[in-house]
There are 2 protein chains.
Amino acid sequence: MQKMNNKNKIFIDKLRSSGLRPTNQRVEISKFLFNRKKTFHFTVEELKNSMNLKRSKKISTATFYNTVHALKSAGYLKEFSLENNTSYYDTNISSHHHFFDNGKVIDIKSDKITFRKLPEAPKGKKIKNVEVVIRLENNN
Amino acid sequence: MQKMNNKNKIFIDKLRSSGLRPTNQRVEISKFLFNRKKTFHFTVEELKNSMNLKRSKKISTATFYNTVHALKSAGYLKEFSLENNTSYYDTNISSHHHFFDNGKVIDIKSDKITFRKLPEAPKGKKIKNVEVVIRLENNN
DNA sequence: TAACTACTTTATAATTATTCTAAAGTATGT
DNA sequence: ACATACTTTAGAATAATTATAAAGTAGTTA
């Protein structure tokens, strides 16, 4: 059984409410990802390194992958890809857009971009979401 | 030296004009990619399989990667990524957008999407391009 | 609370996409 | 034809991710 404290309770509930057993590893990862002021982007490798660095009992690579996938399926993370064959995850799940600047990602709030014209979805389909990527380059 | 015929000449010139030696492999790949009515999307693996299937003398994997990169650098291909850690290449290099429907990609002509509002580029940066992805799901 | 069962974690192996290496081959200028 | 720099190639190496199957744990039941 978990050491239960107030900080953990909210994440335990969050996991339970999505049908995920609140194991120690999942609670720790949730705390690391969601117990902060600002949303952020990460790769699984980055997450693993920054969490395991300060832990005596390491969490395994497979568990990081499993948990990130589970959190994504539960709707707590958004996935996106750059042109380097790595998956990035975003703790900001609200609809928003991105600047891409040589591998660096910067959020653009949803209301900063609006459309004058958008195409219809093909027959039998509907639009799930619209995502804009603005690629940047240096001036001059 | 190449067997030169009219069909090849245009691709040999195209390669030469970008500083790429028109080797047999590059000409064959260019012909396969660009000698067709409609533009299309592919992964390097798909390209390799569909070309090598009908060839007695196979082109090596490394050459497919080298050539696709060279054609991309020369501006003849556009790269994009889905959420499966694979690079896709598009023979349609004109600015345009995409529907993504469960791993399937459908082009959207540039003029089908226009903006009412777009953010400024951060200081010192300028916008290289704006790319819209419309994710689809099944109705009901 | 003890026992049970299904779900999780883990180390490790396997897989996939891609890049690297260095030896053999080829295009191009002279 | 020769020389030289660029290419191709098979195969090894790397990186990100997934699969495997044994050991551990949460939640349920008696």
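Lettering of chains follows the sequences in order, A, B, ..., and the numbering in each one begins at 1.
- The distance between atom CE of B/Met51 and atom P of D/dT9, rounded to the nearest whole Å, is 11 Å.
- Two residues are said to be in side-chain contact when any heavy atoms from C-beta on lie closer than 4.5 Å; B/Ile134 and B/Ile113 meet this criterion.
- Taking 4.0 angstrom as the limit, B/His69 places none of its side-chain polar atoms (N or O) nearer than this to OP1 or OP2 of C/dT18.
- Screening residues 7-40 of chain B for ring pair (Phe, Tyr, Trp, His ring centres under 6.0 Å) gives B/Phe40-B/Phe42 as the qualifying pairs, with residues at least two apart or on separate chains.
- Taking atom NZ of residue A/Lys48 and atom C1' of nucleotide D/dA15, one finds them 11 Å apart after rounding to whole Å.
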Under 4.0 Å protein heavy-atom contact, by nucleotide of nucleotides 5-17 of chain C - B base, S sugar-phosphate only: -BBSBBB-----S
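- B/Lys112 NZ: 12 or fewer foreign heavy atoms inside a 6.0 Å radius.
- Checking A/Tyr76 against A/Thr91 by side-chain atom types alone, no donor-acceptor pair falls below 3.5 Å.
- Annotation: side chain of B/Asp90 is in contact with side chain of B/Asp107 (closest heavy-atom distance under 4.5 Å).
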